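In what follows, residues are counted from 1 in the order of the sequence shown. In what follows, every heavy atom counts, from backbone to side chain, and hydrogens, waters and symmetry copies are set aside. Bear in mind that the values here come from a model prediction, so they are computed numbers and not experimental data.
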Amino acid sequence: MLFKPKSVRTHFSGLIFFQNYQRNLWVKPSHRYGKYNEEDDDDKDPKLRNTKENQLDHFYLYKSKGQHLLTNTRILDAIVRRSNIKPTDTVLEIGPGTGNLTVKLLEAAEKVVAVEIDKRMVDFLHKRVAENGLQERLNVICKDAMKVEFPQFDLVVANIPYGISSPLIAKLVYGRNPFRSATLLLQKEFARRLLAEPGDSEFNRLAVNVNLVADVEFVMDVSKREFLHCPKVDSSVVIIRPKPELPDVNLNEWRAFTRTCFGKKNKTLGATFKQKKKVMQLLKLAKTTSLNKENPPTGNNYECDEYYDGKYEDEDTDGEECFASSTSDLEMNLFKEKIVGFLRKSGFEDKRPSKVSNEDLLHLLSLFNQAGIYFHDHVKPNDLGNANAAYLS
């Protein structure tokens with residue numbers, strides 16, 4: 001055999017089981033599978049790679065790329081049905097894989113735009129769709145979904161790679177393409193966080209920021225046994241529907257504010273805003289914002305694609321040491337008393353972010369801004385008010 005990936009040999013009975021699944025997937029089974037190996041995935045010799053694929057007449061599914069294919073026809077049908085696809089709709093699918101869901105979407109919609117990073121999958125998908133006579137209604141984009149600009153679409157229906165769940169949802173709900181809904185198959189734990197409400201143990205900044213612009217509905221749980229290869233966790237299907245009307249808030253300011261509040265979500269807001277480092281940051285921003293209002297910056301400062309789950313964002317600390325050395329202790333203490341007194345007067349000092357609703361958070365942010373306390377640099381007049389037509393309308 002020309003190709004021997006570094007993986008364990010399966011039992012014969014297990015092989016027969018997967019072969020049956022593979023026939024439904026239009027993917028011919030390999031004789032070996034198991035632990036992912038970077039050398040197999042990123043073979044540097046194209047001739048050798050082609051020889052491997054032609055010789056064995058198959059391709060491997062890589063867990064590192066989130067290639068877990070849903071095989072249960074009943075669940076696929078339910079996902080399409082709950083998506084309420086119209087015959088005139090264009091559906092965006094992220095990570096179509098071998099096309100189990102794609103074919104069903106093509107039968108229901110006018111057009112499907114499929115974004116797939118794996119060229120092997122793209123080639124296979126084209127062949128499968130052509131055999132079903134649906135090739136004229138499929139547009140495949142072979143690029144990274146997080147780097148490509150999506151064309152116009154009406155709906156999103158997808159079994160997305162779990163590794164990009166948070167930034168992809170951010171790209172959708174804060175993006176420039178209006179759409180009716182997104183039916184997504186997500187990791188169950190992630191879906192629970194997305195659905196969490198104030199007071200729930202899972203309540204977090206992700207739920208807060210998505211709930212600002214969209215409503216999330218739970219559809220059903222899906223067992224990990226329904227996938228090939230079987231992932232380590234179960235999944236859930238949710239539907240995300242953008243809100244027709246958005247709150248009057250600057251999104252840059254909102255994201256910075258929630259990042260501050262949910263850094264320690266179970267700590268009281270009073271304790272959070274008493275920290276010396278936080279007081280210094282807010283005082284610096286207050287001075288910077290005052291200067292920017294007198295001398296407005298040029299260019300568009302609106303950043304809609306910032307990741308909102310707290311995993312990819314860093315506080316801007318440049319110049320903090322210099323600022324601290326030029327600020328007197330008296331000025332710092334006075335500003336700190338202003339913040340704490342403001343929280344006490346408004347009734348938020350002893351409240352914990354994990355139990356505060358979006359409405360209360362919006363109210364608190366508005367009060368902060370009215371008092372001249374800001375959380376994002378270069379705050380400008382409301383960006384969102386002029387962007388409703390372009391964002392999630």
Side-chain angles (χ1 to χ4, degrees), residues 24-27 61 65-73 75-173 175 177-187 191 219-220 222 226-228 235-242:
N24 293 331
L25 293 169
W26 297 61
V27 182
L61 301 179
K65 294 181 178 179
Q67 293 178 342
H68 301 286
L69 308 181
L70 181 60
T71 60
N72 189 309
T73 301
I75 296 175
L76 290 167
D77 287 337
I79 290 173
V80 174
R81 184 171 61 253
R82 290 299 300 271
S83 299
N84 293 322
I85 302 172
K86 298 177 181 179
T88 55
D89 281 339
T90 295
V91 177
L92 175 67
E93 184 183 10
I94 311 295
T98 56
N100 292 345
L101 179 60
T102 313
V103 171
K104 294 181 178 296
L105 294 175
L106 287 167
E107 293 171 349
E110 180 178 38
K111 184 179 179 181
V112 172
V113 178
V115 182
E116 174 60 63
I117 195 172
D118 191 335
K119 189 177 184 303
R120 303 170 309 147
M121 296 288 189
V122 172
D123 294 339
F124 186 86
L125 183 61
H126 278 302
K127 293 177 182 177
R128 180 175 182 180
V129 170
E131 290 180 4
N132 283 271
L134 300 169
Q135 64 271 24
E136 296 298 326
R137 293 156 66 179
L138 176 66
N139 175 22
V140 181
I141 301 174
C142 186
K143 292 183 179 179
D144 186 338
M146 293 312 306
K147 297 178 180 179
V148 69
E149 182 176 349
F150 297 144
Q152 292 297 316
F153 57 90
D154 301 297
L155 300 170
V156 183
V157 186
N159 169 23
I160 64 175
Y162 293 158
I164 63 170
S165 296
S166 179
L168 178 60
I169 291 176
K171 183 173 181 175
L172 291 173
V173 299
N177 283 342
F179 63 97
R180 289 205 314 275
S181 67
T183 305
L184 303 176
L185 188 59
L186 305 168
Q187 183 177 330
V219 177
M220 61 180 169
V222 179
E226 306 296 348
F227 293 84
L228 177 71
S235 303
S236 296
V237 178
V238 303
I239 298 178
I240 301 174
R241 296 184 177 89

Item to complete: Apply the test side-chain contact (heavy atoms from CB on, under 4.5 Å) to residues Val237 and Arg82: give CA-CA distance (whole Å), side-chain angles for both, the deciding distance (0.1 Å), then the verdict.
Response: CA-CA 10 Å; Val237 178; Arg82 290 299 300 271; over 6 Å; no
Worksheet item: Side chains of Met220 and Ile75: does their closest heavy-atom pair fall under 4.5 Å?
Response: yes
Discussion item. Taking Val129's backbone N and O only, do any of them form a donor-acceptor pair with Asn132's side chain (distance below 3.5 Å, no angle check)?
Written reply: no
Worksheet item: Which distance, rounded to the nearest 0.5 Å, do you find between the CD1 of Ile141 and the CD1 of Ile94?
Response: 8.5 Å
Item to complete: Please check if the side chain of Asn139 supplies one atom and the backbone of Val113 the other of a donor-acceptor pair under 3.5 Å.
Response: no
Worksheet item: Cut-off 3.5 Å, side chains only: do Thr102 and Glu93 have a donor facing an acceptor?
Response: yes
Worksheet entry | Heavy-atom check, side chain of Leu70 versus side chain of Leu76, under 4.5 Å | yes
Worksheet item: For the residue pair Ser83 and Leu155, what are the closest heavy atoms and their distance?
Response: O-CD1, 3.8 Å
Worksheet item: Between Ala114 and Leu125, which heavy-atom pair has the shortest distance, and what is it?
Response: CB-CD2, 4.4 Å
Worksheet entry | Check: Pro178 and Gln152 side chains under 4.5 Å, non-hydrogen atoms | yes
Item to complete: Would you give the length of the straight line joining atom CD1 of Ile240 to atom OG of Ser181, rounded to the nearest 0.5 angstrom?
Response: 9.5 Å
Worksheet entry | For Ala191 against Val238, the heavy-atom pair lying closest together | CB-CG1, 4.0 Å
Worksheet entry | Main-chain N/O of Val91 paired with Asp89 side-chain donor or acceptor, under 3.5 Å | no
Worksheet item: Would a distance-only check, ignoring hydrogens and angles, find a side-chain to backbone donor-acceptor pair under 3.5 Å from Arg128 to Thr98?
Response: yes
Discussion item. Give me the atom names and distance for the closest heavy-atom approach of Glu116 to Pro96.
Written reply: OE1-CD, 3.3 Å
Worksheet, complete the sentence: dist Ile160:CD1 -> Leu186:CG (nearest 0.5 Å) comes out at 5.0 Å
Practice prompt. Could you tell me whether Arg81 and Asp77 have a side-chain N and a carboxylate O separated by less than 4.0 Å?
Written response: no
Worksheet entry | Inter-residue atom distance Ile239.CD1 - Thr183.OG1, 0.5 Å rounding | 4.0 Å
Worksheet entry | Inter-residue atom distance Leu101.CG - Leu105.CG, 0.5 Å rounding | 4.0 Å
Worksheet item: Any side-chain heavy atom of Phe227 sitting closer than 4.5 Å to one from Asn72?
Response: no
Discussion item. Strictly distance-based, threshold 3.5 Å: is any side-chain N or O of Asn177 a donor or acceptor partner for the main-chain N or O of Pro151?
Written reply: yes
Discussion item. Whether Lys171 engages the ring of Phe150 as a cation-pi pair (distance to the six-membered ring centre under 6.0 angstrom, angle to the ring normal within 45°) should be assessed.
Written reply: yes
Item to complete: Test Val112 against Thr90 for side-chain contact (heavy atoms from CB on, under 4.5 Å), laying out the working first.
Response: CA-CA 6 Å; Val112 172; Thr90 295; over 6 Å; no
Worksheet item: Quick one: CG on Leu92 to CG on Leu172, what's the gap to the nearest 0.5 Å?
Response: 7.0 Å
Discussion item. Other residues, nucleotides and ligands only: do more than 12 of their heavy atoms fall within 6.0 Å of CD on Glu136?
Written reply: no
Item to complete: Using modelled atom types only, decide if a donor and an acceptor are shared between the side chain of Arg137 and the backbone of Ala109 within a distance under 3.5 Å.
Response: yes
Practice prompt. Please test Asp154 against Lys86 for side-chain contact (heavy atoms from CB on, under 4.5 Å), starting from the C-alpha separation and ending with a verdict.
Written response: CA-CA 9 Å; Asp154 301 297; Lys86 298 177 181 179; over 6 Å; no
Worksheet item: Should Leu184 and Ile169 be marked as a side-chain contact (heavy atoms from CB on, under 4.5 Å) after you check the CA-CA gap, both sets of side-chain angles, and the distance that decides it?
Response: CA-CA 9 Å; Leu184 303 176; Ile169 291 176; 4.0 Å; yes
